[in-house]
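The analysis underlying the following values was restricted to heavy atoms, covering all of them including side chains, and did not include hydrogens, waters or symmetry mates.
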Protein chains: 2
Amino acid sequence: MARERKFSNEELFRLVKKMLLQHGYEGFHFGLLAEQLDISRGALYKYYENKDELITDFMLFEMQLFIGDLAQIENQGDFEAQFDFLMKLIFDKAEVHQLISVVQQMGSSSNDKAKVSKERLEKLPLEMYHYLQSFISLGKKERKLKEHIPDSVMLGLIFQSIAIPNHFGIPKSVWVESIKEIISKGMFAHS
Amino acid sequence: MARERKFSNEELFRLVKKMLLQHGYEGFHFGLLAEQLDISRGALYKYYENKDELITDFMLFEMQLFIGDLAQIENQGDFEAQFDFLMKLIFDKAEVHQLISVVQQMGSSSNDKAKVSKERLEKLPLEMYHYLQSFISLGKKERKLKEHIPDSVMLGLIFQSIAIPNHFGIPKSVWVESIKEIISKGMFAHS
DNA sequence: AATTTAAGTGACACAAGTGTAACTTAAACT
DNA sequence: AGTTTAAGTTACACTTGTGTCACTTAAATT
């Protein structure tokens, strides 16, 4: 019916991700994106009204992928296996955490359409928590997790651990194992 | 020798802090700052060549205050008291963590002077770690802390814990105590 | 081959922030 | 009172990104 597009959605999202991670929210703009896609800036406005709408769309896509991975936690056997799975997933998909922090930099949109999907976007962390509720419940039910600590503190700390800056370049395996140990058994020696 | 300044350094830094926390790095600009100080934008250029230089200057000031507080950890008695002091300090001065993340958003400066002090700035987290080295050493020496976990992982996790988002509005005291418990003794129940 | 239609282009007006420099103002010193 | 000096103002030129719209292009349909 019409000429074919010069770029695919995959290519677009791949570049958006790369640019967001590289330059952050402020450094991301249509000019740069268009250049990398080898199209004119104006063409992008055929698909997205503005930057926020594009980023929001991308994030919904990206987060749904991540939540898809996360959902597999239920097939991991006992509680310890689920814990290991979760930690591995988080450290393998470290970018997700960075991308979430980009969203929080997004100012309040002028656009109405963008506002709606941004609200959806802000609910995604909560949705993630919801998916993990069964994991925490299992742990508490099996008396593997301390029952007096609120679920959200546990999940928050687990997810935040990905963002600890490794200033001294500790090898990844040592790094991850150390964090897992602290989270599960603490940094205090047994007395 | 000349007319007196319409604003003090304290007032300036107070506003810079407020604006950085409220609007982030990108939302911070001379126009807004000048308006709040009730001076013209041009006047600010008498003191700082650009935004990065001002922010850098402010951050050095702010961090030195924080490091000053931190240094008092040595007067806190035994290891447990030092641990409690550190956690309390971090949660009382939560803004510091936010401010540090602002710095990481600063692009590479064009200005030479700014570049130099920005390098100094990026070393500050390391300097902080250095100040806390004695605390960790004490803990390990007294066999209160697990010796096989690298210092930087412990300190990183402690500092990062301030950034865990409290999506569900858990009361502060419960929140802080829960985090302290996980960090020190883990989230796993004793078997 | 002519027509339709969506993809893509390029120029324009706009907005917001930047940095500069000539100028004005007011305090302090002679 | 006159001079000096730093503080502050204002206007200007510049840069970078935004959003729009009339226009061109190329694939598919008839």
Side-chain angles (χ1 to χ4, degrees), chain A residues 1-13 15-16 18-20 22-58 102 105-118, chain B residues 1-13 15-16 18-20 22-58 102 105-118:
Chain A
M1 250 193 195
R3 63 195 285 190
E4 60 184 12
R5 283 175 56 164
K6 288 177 76 181
F7 62 97
S8 67
N9 252 308
E10 288 73 40
E11 199 184 349
L12 174 70
F13 281 168
L15 281 173
V16 170
K18 186 180 142 199
M19 286 175 53
L20 280 178
Q22 217 164 76
H23 306 290
Y25 175 73
E26 19 143 19
F28 178 91
H29 49 92
F30 275 17
L32 194 54
L33 182 57
E35 191 188 330
Q36 302 222 24
L37 282 170
D38 201 31
I39 56 169
S40 71
R41 193 173 55 84
L44 286 170
Y45 286 93
K46 286 276 151 76
Y47 305 100
Y48 300 96
E49 284 187 18
N50 55 45
K51 158 177 164 169
D52 281 5
E53 196 182 310
L54 169 53
I55 292 181
T56 303
D57 244 47
F58 160 73
V102 166
Q105 287 175 42
M106 279 174 62
S108 37
S109 312
S110 45
N111 186 312
D112 269 359
K113 218 184 292 179
K115 221 175 241 169
V116 172
S117 47
K118 207 195 144 206
Chain B
M1 254 191 190
R3 64 194 288 189
E4 60 184 12
R5 283 174 55 163
K6 289 177 75 180
F7 64 95
S8 67
N9 254 308
E10 288 73 41
E11 199 183 350
L12 175 69
F13 281 169
L15 281 173
V16 170
K18 186 180 139 200
M19 287 177 51
L20 279 179
Q22 218 165 74
H23 306 291
Y25 176 73
E26 18 144 18
F28 178 91
H29 48 92
F30 274 17
L32 194 55
L33 181 58
E35 190 188 331
Q36 302 221 25
L37 282 170
D38 201 32
I39 56 167
S40 69
R41 191 172 57 84
L44 286 170
Y45 286 93
K46 287 276 152 73
Y47 306 100
Y48 300 96
E49 286 187 17
N50 55 45
K51 156 177 167 171
D52 280 6
E53 195 181 312
L54 168 52
I55 292 181
T56 303
D57 244 45
F58 160 73
V102 166
Q105 287 176 42
M106 280 174 60
S108 37
S109 312
S110 45
N111 186 311
D112 268 359
K113 221 184 288 175
K115 220 174 242 171
V116 172
S117 45
K118 208 195 142 204

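- Following rounding to the nearest Å, A:Asp52 (CG) and D:dG17 (P) show an atom-to-atom distance of 16 Å.
- Side-chain atoms of A:Leu33 and A:Leu54, non-hydrogen and from C-beta on, do get closer than 4.5 Å to each other.
- Side-chain contact between B:Ile55 and B:Tyr48: absent, with no pair of heavy atoms (C-beta onward) separated by less than 4.5 Å.
- At the heavy-atom level, B:Phe7 lies under 4.0 Å from the strands shown only through sugar-phosphate atoms.
- For B:Tyr45 and B:Phe30, the ring centers are positioned less than 6.0 Å apart.
- B:Tyr47 comes within 4.0 angstrom of sugar-phosphate atoms only, judged by non-hydrogen atoms across all strands, and of no base.
- We find the CG-CG distance between A:Leu15 and A:Leu20 to be 11.0 Å, quoted to the nearest 0.5 Å.
- With sequence neighbours excluded, no residue forms a ring-ring contact (aromatic ring centres under 6.0 Å, His included) with B:Phe28.
- Between the CD atom of B:Glu26 and the P atom of D:dG17 there is a distance of 14 Å, rounded to whole Å.
- For the ring-ring contact (aromatic ring centres under 6.0 Å, His included) test, residues two or more places apart in sequence or in another chain that qualify with B:Phe58 are B:Phe13.
- In this structure, B:Asn50 atom CG and D:dT15 atom P are separated by 17 Å, rounded to whole Å.
- D:dT9 atom P lies 13 Å from atom CZ of B:Arg5, rounded to whole Å.
- Per the geometry, CD belonging to A:Glu49 stands 21 Å off P belonging to D:dG17, to the nearest Å.
- Residues from residues 35-46 of chain B that place a heavy atom under 4.0 Å from any atom of DNA chain D, listed by number: B:Ile39, B:Ser40, B:Gly42, B:Ala43, B:Lys46.
- OP1 or OP2 of C:dT9 lies within a sub-4.0 Å distance of a side-chain N or O belonging to A:Lys6.
- Looking only at side-chain heavy atoms (C-beta outward), A:Leu37 and A:Leu44 come within less than 4.5 Å of each other.
- The CG-P distance, from A:Leu54 to D:dG17, rounds to 16 Å in whole Å.
- For B:His29, the side chain to side chain contact (heavy atoms under 4.5 Å, CB included) test picks out B:Leu32, with sequence neighbours left out.
- Regarding A:Glu53, its CD atom lies at a distance of 14 Å from the P atom of D:dT18, rounded to whole Å.
- A close approach under 4.0 Å does not occur between any side-chain nitrogen or oxygen of A:Tyr48 and OP1 or OP2 of D:dG19.
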Below 3.5 Å between N/O atoms, which protein atoms pair up with nucleotides 25-30 of chain C? Just atom names and distances, please.
unit_1, atom_1, unit_2, atom_2, d
C:dT25, O2, B:Arg3, NH1, 3.0
C:dA28, O4', B:Met1, N, 2.8

Atom pairs and distances, side-chain donor-acceptor, residues 4-12 of chain B, under 3.5 Å, sequence neighbours left out:
unit_1, atom_1, unit_2, atom_2, d
B:Lys6, NZ, B:Asp38, O, 3.3
B:Ser8, OG, B:Glu11, N, 3.1

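- One interatomic measurement links the two molecules: CG of A:Asn9 to P of C:dA7, which rounds to 12 Å at whole-angstrom precision.
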